[in-house]
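First the structure, which I've put down as structure tokens, then a few questions once you've had a look.
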Protein chains: 2
Amino acid sequence: MGRRSTHTPQQLRELILDAAQDIINVHGLAGLSAREIARRIGYSPGTIYNMFDNLDDVVLHVEARVLDALDKRLSDTLQGEGGADARVVRIAHAYLAFTQEKPRLWNLLFEHHMPAGSDLPAWYQQKLEGLMGHVERALAPHFPAGREADLQRASRVLWAGVHGITSLSTADKLSVVTTETAGRLIDDLVGTYLAGLPSPT
Amino acid sequence: MGRRSTHTPQQLRELILDAAQDIINVHGLAGLSAREIARRIGYSPGTIYNMFDNLDDVVLHVEARVLDALDKRLSDTLQGEGGADARVVRIAHAYLAFTQEKPRLWNLLFEHHMPAGSDLPAWYQQKLEGLMGHVERALAPHFPAGREADLQRASRVLWAGVHGITSLSTADKLSVVTTETAGRLIDDLVGTYLAGLPSPT
DNA sequence: ATGCCATGGGACGACGGTCGACGCACACAC
DNA sequence: GTGTGTGCGTCGACCGTCGTCCCATGGCAT
């Protein structure tokens with residue numbers, strides 16, 4: 001089997017990631033297989049292992065795309081007007097909207113674990129910190145200079161809180177939580193938490 | 001292959017669940033297979049399908065055990081003394097402690113999805129509501145009679161918030177969150193949220 | 001024309017789930 | 001107590017699928 005050269009390696013990598021992302025978006029991580037990717041792009045399973053270490057590696061790169069999409073989504077919401085609190089609420093709702101539009105892709109970020117012994121790559125952690133940065137910037141007006149530690153903590157608490165609500169909601173494990181009320185729970189969380197923050201003066 | 005009669009069907013079911021729980025506790029859901037269970041209990045894979053519909057069914061029953069263990073854990077923490085707020089904090093920390101002691105079993109509750117088309121059984125939802133009930137009872141002093149809807153919402157928000165913190169923390173996806181600081185984030189969440197609640201008068 | 005090496009077809013072991021055949025343990029007759 | 005029949009719990013071979021890896025192949029640079 002000689003070189004085909006109908007696609008450059010770079011094109012091939014993107015073909016594989018496109019196919020993998022589409023499969024996960026429709027059928028979830030469980031529906032992903034090297035063979036299904038190969039079928040869709042008209043190559044054999046072996047080719048995938050030429051371009052990636054293994055399926056986990058493919059999944060990790062799909063996760064990178066999802067993180068980028070989520071980052072773009074949050075960035076876009078920050079363009080609008082409104083006070084500091086309104087921006088926090090907007091970010092939270094943008095996160096919720098993303099999880100509802102692409103539930104399987106978003107779920108991927110949490111249902112996929114690294115094989116034992118290997119940590120998340122550094123670039124992955126950096127993307128996470130970039131996302132957190134949006135929250136920190138929106139929350140900054142609540143904290144005077146010199147309280148960066150408090151700002152960081154509050155950002156993580158709100159981020160994790162919103163994540164918890166959407167997570168349990170999409171898994172249908174909050175009992176009685178419908179799509180509509182997930183938004184209200186987020187409003188409650190953000191509103192009450194911000195109200196409980198020590199005054200910024 | 002005749003009847004062995006060394007175990008009653010009930011014993012056999014528990015043998016299977018014991019083995020499955022142990023495998024998941026050590027190797028995670030991905031390490032679970034019908035054959036591995038069979039190897040451990042000295043039966044053939046076919047026997048497992050005699051006692052359970054399929055592997056998902058086995059997993060669901062392991063989840064039931066985990067939910068029961070979590071419920072017992074939370075119940076125990078409510079025996080102690082302390083004001084209303086202290087009890088809320090204690091529940092939250094009990095939840096965190098459980099997730100840290102049995103991270104894979106706890107993760108099981110969220111990484112295992114029902115096969116498409118089938119919902120969670122009613123008894124599962126009831127166990128979830130039982131857990132939520134602990135939070136509601138601890139939070140009740142903050143809400144006057146007649147505000148049950150607000151109480152329910154606040155309970156779900158706090159529950160989901162704590163869940164989000166532990167979830168991102170054990171997945172190592174909060175960046176910079178160590179075991180120690182997960183507890184502090186929970187303290188911050190509960191403290192600030194309770195402070196932001198309208199006064200109960 | 002030559003030879004290098006990227007390539008992908010196919011082999012391998014293990015998986016979930018099914019099912020027919022087997023043979024033990026018990027009920028019953030005596 | 002002994003013998004016998006049989007129901008049903010159990011096994012393990014089977015099917016289609018999986019992730020991964022190897023190496024014969026044959027296009028491309030020289």
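The chains referred to below are lettered A, B, ... by the order of the sequence lines, with proteins before strands, and numbering in each begins at 1. Keep in mind that this is a model prediction, so the values were computed, not measured.
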Protein-nucleotide distance (L15(A), atom CG; dT7(C), atom P), rounded to Å: 13 Å
Donor on one side chain, acceptor on other, D57(B) and Y49(B), under 3.5 Å: no
Nearest-Å distance for atom pair OH/P, residues Y49(B) and dG12(D): 16 Å
Touch class at under 4.0 angstrom, heavy-atom based, for L32(B) against every strand present: sugar-phosphate
Sugar-phosphate, base or nothing in reach of S33(A), heavy atoms under 4.0 Å: sugar-phosphate
d(CG, D57(B); P, dG16(C)) in whole Å: 15 Å
5' priority, DNA chain D, between G46(B) and P45(A) [closest heavy atom]: G46(B)
Closest to side chain of T47(A), choosing from dG8(C), dC11(D), dG10(C): dG8(C)
d(CD1, I37(A); P, dG9(C)) in whole Å: 15 Å
Residue mapping more 5' on DNA chain D - nearest nucleotide basis, A34(A) or M51(B): M51(B)
For atom CG of L55(A) and atom P of dC21(D), their distance in whole Å: 11 Å
Plane angle bin for W106(B) and Y95(B) - parallel if under 30°, tilted between 30 and 60°, otherwise perpendicular: perpendicular
Distance-only donor-acceptor test (3.5 Å): side chain R35(A), base dG16(D): no
Below 4.0 Å: OP1/OP2 of dG8(C) and any side-chain N or O of S44(A): no
Atom-pair distance (CG on N54(B); P on dT17(D)), nearest Å: 18 Å
Under 3.5 Å: donor-acceptor pair, side chain of R104(A), backbone of I24(A): no
Shortest side-chain distance from Y43(B), nucleotide among dG16(C), dC18(D), dC11(D): dC11(D)
Residue met sooner reading DNA chain C from 5', once L12(A) and D53(B) are mapped to nucleotides: L12(A)
Distance, rounded to the nearest Å, where D56(B) contributes CG and dC15(C) contributes C1': 14 Å
Test item: T166(A) side-chain N/O and H163(A) main-chain N/O as donor-acceptor pair under 3.5 Å: yes
Sugar-phosphate, base or nothing in reach of N50(A), heavy atoms under 4.0 Å: base
OP1 or OP2 of dA14(C) under 4.0 Å from side-chain N/O of R39(B): no
Backbone N/O of L109(B) and side chain of K173(A): donor-acceptor pair under 3.5 Å: yes
Distance, rounded to the nearest Å, where I48(B) contributes CD1 and dC15(C) contributes P: 11 Å
